[in-house]
S.K.: 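Mind looking over this structure? Questions follow.
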Amino acid sequence: KGTATVQAFTDNGKTATCAITVEEALPSGLNYKLVENDSFYMVTGYFGNAREYIIPPIYDGLRVIGIQENAFKNNTWLQKITVPTNIEKIGVSAFEGCTALTEFTIPKSVTKIEPSTFAGCTSLASIRIHGKIEEVGEKAFAGCSMLADVTVEDGVGNIGANAFSDCTMLIKVIIGNNVGNIGDEAFINCTSLRTLTIGNKVGLIGKSAFYKCTSLSAVTIGTDIGNIGKSAFAECTALLSVKIGEGSADIGEKAFSGCTALQEVTIGDRPGNIGEYAFENCMSLVRFTFGDGIKEIGARAFDSCSALESVELPDSITLVGNGAFRHAKALKSIKLSKNMTKINNITFQYCESLKSVSLHEGITEIGNSAFSYCYGLEKLEILGDVTSIGNSAFYHCEKLNEIYYAAKTVKNYGTNHYTFCRAGLGGEGIRLTVAAGAYVPDGLFEPVEEANRPKITEIVFKDGTE
């Protein structure tokens with residue numbers, strides 16, 4: 001080993017200096033051990049400082065069938081390793097910390113990538129996982145900070161937890177069809193990831209699988225996928241669009257929470273349920289297409305989706321949870337599912353742009369503060385036989401000017417008679433039409449405090465009103 005210094009001088013008196021280090025090429029080779037009744041060889045280690053090395057298929061007359069755990073770990077010289085097609089096993093951490101390794105082809109004879117096999121290979125640029133791989137182990141490629149392109153072929157088994165976590169230069173991921181589960185935090189903190197395509201019939205997408213992939217702009221997920229786990233895409237702050245094919249399973253709690261740039265979501269038919277807080281704080285979300293077949297929307301699922309302008313709930317929906325559309329301040333219109341029977345607590349609270357609400361004949365319960373602080377609400381229709389109206393259900397609906405009321409058996413209504421507290425106070429007053437056969441219990445429209453009474457200026461009673 002030696003060093004030399006080279007200097008160059010320009011005509012105008014400037015100097016450039018370059019230091020050169022020369023290292024003697026050392027003998028390179030492999031260490032082996034006999035395995036399986038001394039029938040085959042396993043590579044156990046490497047010595048030397050070569051930039052490229054080819055592992056032979058035969059050593060001392062016997063097939064080389066595997067690479068032992070830690071065999072090349074922390075080697076800083078090797079840039080390329082060629083592995084023969086008869087290698088069947090590559091052990092745990094076999095190439096971990098090989099910081100100069102730029103390329104590697106996984107032989108078709110290998111069926112499992114063990115945990116941490118390539119973790120910390122900070123020069124590895126791309127990898128292709130062939131379809132015969134049954135499992136990609138935990139942290140298999142974690143911290144491969146120059147990895148830019150990952151392709152997972154059709155039929156690959158499970159992708160383990162943190163398999164590609166902290167691959168901060170990863171730009172593109174393609175996951176094929178019929179792939180198993182994508183593990184928890186599999187691609188967490190892949191902050192340069194821009195496009196993601198997930199094929200058909202993929203298993204579940206694990207908890208926080210793509211959490212804080214802050215450059216991700218588009219997600220396309222195929223048909224008949226498993227559950228999308230808790231916080232799977234949360235805090236993907238550059239995400240603009242999501243398309244999920246038909247036959248998807250549940251979208252989990254906080255799955256897309258905090259995707260502040262997300263504008264459009266399309267879900268195909270036959271979907272699962274939407275979990276609690278699933279799209280909370282997606283404040284740029286303008287369009288959301290619900291697939292037919294969805295049954296439940298969890299509590300706070302769309303809380304603070306402040307750009308969402310309209311909601312059309314398919315008739316397959318039977319339950320919308322507490323606060324599901326709370327703080328959807330741009331929401332102008334809603335179409336309720338015909339199979340809903342209850343508007344839960346604070347479901348549409350602070351939907352300030354909502355102009356009209358028609359509660360169909362199947363609605364029997366209106367929860368506490370369900371439409372409170374809907375400052376822009378002008379028209380309300382209660383068409384069905386509502387039996388319970390919660391406290392402050394229409395509190396501070398100050399522009400309300402028209403109510404059509406047809407409930408026949410109201411038994412429960414807000415404490416202190418606050419159901420319509422301060423309704424209509426910001427306008428010219430409310431025209432209340434009471435349908436034939438309707439029942440208006442004492443105090444429903446008359447709070448205890450006179451200052452909080454709704455501003456009802458006209459009442460029209462149809463024949464048969466009680």
Side-chain angles (χ1 to χ4, degrees), residues 208 210-214 216-219 221 228-244 248 250-268 271-292 294-314 316-317 319-337 340 343-357 367 369-377 396-397:
S208 301
F210 296 91
Y211 180 73
K212 283 196 173 180
C213 292
T214 52
L216 186 62
S217 62
V219 172
I221 300 174
I228 299 176
K230 181 179 179 180
S231 302
F233 295 91
E235 306 298 332
C236 292
T237 52
L239 187 60
L240 298 174
S241 66
V242 174
K243 184 176 181 179
I244 302 173
S248 62
D250 294 346
I251 298 175
E253 180 183 347
K254 295 188 176 182
F256 293 90
S257 175
C259 295
T260 53
L262 184 60
Q263 298 176 7
E264 184 172 5
V265 177
T266 303
I267 300 178
N273 299 323
I274 296 177
E276 296 180 358
Y277 303 93
F279 294 90
E280 177 197 27
N281 285 326
C282 293
M283 58 185 62
S284 300
L285 185 62
V286 176
R287 291 177 296 278
F288 195 103
T289 303
F290 295 90
D292 189 36
I294 185 173
K295 293 182 178 179
E296 295 184 8
I297 297 175
R300 305 288 184 99
F302 295 90
D303 193 342
S304 298
C305 291
S306 52
L308 191 62
E309 295 184 355
S310 65
V311 170
E312 292 189 17
L313 302 179
S316 55
I317 290 179
L319 175 65
V320 177
N322 292 342
F325 294 93
R326 186 173 182 264
H327 283 292
K329 293 185 178 182
L331 189 63
K332 296 177 182 178
S333 65
I334 54 172
K335 177 184 174 295
L336 301 176
S337 162
M340 290 174 59
I343 308 295
N344 270 303
N345 299 339
I346 63 172
T347 298
F348 296 98
Q349 188 181 50
Y350 290 106
C351 292
E352 298 174 4
S353 300
L354 195 59
K355 298 294 185 183
S356 66
V357 172
S369 300
F371 294 91
S372 62
Y373 300 101
C374 291
Y375 297 118
L377 186 63
H396 267 291
C397 294

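Note that this is a predicted model, so its numbers are computed, not measured.
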S.K.: So Ile267 and Ser248, do their side chains get closer than 4.5 Å, heavy atoms only?
M.R.: yes

S.K.: Does Tyr350 have any ring-ring contact (aromatic ring centres under 6.0 Å, His included) partners at least two apart in sequence or in another chain, and if so, which?
M.R.: His327, Tyr373

S.K.: Pick one: which of Leu336, Leu354, Ile334 meets side chain to side chain contact (heavy atoms under 4.5 Å, CB included) with Val311?
M.R.: Ile334

S.K.: Any side-chain heavy atom of Arg300 sitting closer than 4.5 Å to one from Ile346?
M.R.: yes

S.K.: Can you list the steps and then say if Thr266 with Arg287 is a side-chain contact (heavy atoms from CB on, under 4.5 Å)?
M.R.: CA-CA 8 Å; Thr266 303; Arg287 291 177 296 278; over 6 Å; no

S.K.: Looking only at heavy atoms, what is the nearest atom pair of Thr237 and Gly258, with distance?
M.R.: CG2-O, 3.9 Å

S.K.: Who pairs with Ser372 by side chain to side chain contact (heavy atoms under 4.5 Å, CB included), at least two apart in sequence or on another chain?
M.R.: Gln349, Ser369, Tyr395

S.K.: For Glu312, which residues count as a side chain to side chain contact (heavy atoms under 4.5 Å, CB included) partner, sequence neighbours excluded?
M.R.: Lys335

S.K.: Would you list the pairs meeting salt bridge (charged side-chain N to carboxylate O under 4.0 Å, His left out) in which at least one residue belongs to residues 250-262, sequence neighbours left out?
M.R.: none

S.K.: Which pair of heavy atoms, one from Ala234 and one from Tyr211, lies closest together, and at what distance?
M.R.: O-CD1, 3.3 Å

S.K.: Any side-chain to backbone donor/acceptor pair from Asn344 onto Val320? Under 3.5 Å, distance only.
M.R.: yes

S.K.: With a 3.5 Å distance limit and no angle check, can you tell me whether Ser353 reaches the backbone of Lys329 through a side-chain donor-acceptor pair?
M.R.: yes

S.K.: Just checking Phe256 against Phe288, ring centres under 6.0 Å apart?
M.R.: no

S.K.: Let me confirm one number: the OG-NZ distance from Ser333 to Lys355, rounded to the nearest 0.5 Å.
M.R.: 12.0 Å

S.K.: Distance-only, no hydrogens or angles: does the Thr347 side chain make a donor-acceptor pair with backbone N or O of Ala324 under 3.5 Å?
M.R.: no

S.K.: Write down the atom of Gly291, the atom of Pro271, and the distance for their closest heavy-atom approach.
M.R.: O-CG, 3.7 Å

S.K.: Report the residues that fulfil side chain to side chain contact (heavy atoms under 4.5 Å, CB included) with Ser316, sequence neighbours left out, ordered by chain and then residue number.
M.R.: Asp292, Ile294, Pro314

S.K.: What distance do Leu285 atom CG and Ser304 atom OG have between them, rounded to the nearest 0.5 Å?
M.R.: 12.0 Å

S.K.: Kindly assign one of parallel, tilted or perpendicular to the pair Phe325 and Phe290, based on the angle between their ring planes and the thresholds 30° and 60°.
M.R.: perpendicular

S.K.: Quick one: CD1 on Ile251 to CD1 on Ile274, what's the gap to the nearest 0.5 Å?
M.R.: 5.0 Å

S.K.: Which value, rounded to the nearest 0.5 Å, describes the distance between Met283 atom CE and Asp303 atom CG?
M.R.: 10.5 Å

S.K.: Where do Leu239 and Val219 come nearest, in terms of heavy atoms and distance?
M.R.: CD1-CG2, 3.6 Å

S.K.: Name all residues meeting the salt bridge (charged side-chain N to carboxylate O under 4.0 Å, His left out) criterion together with Lys295; count only those two or more places apart in sequence or in a different chain, and write none if there are none.
M.R.: none

S.K.: Once rounded to the nearest 0.5 Å, what's the spacing between atom CD1 of Ile297 and atom CZ of Phe302?
M.R.: 5.5 Å

S.K.: With rounding to the nearest 0.5 Å, note down the distance linking CD in Glu235 to OG in Ser257.
M.R.: 6.0 Å

S.K.: Could you tell me whether the side chain of Phe348 reaches within less than 4.5 Å of the side chain of Val357, counting heavy atoms only?
M.R.: no

S.K.: On the 0 to 90° scale, with breaks at 30° and 60°, tag the Phe210-Phe233 ring pair as parallel, tilted or perpendicular.
M.R.: parallel

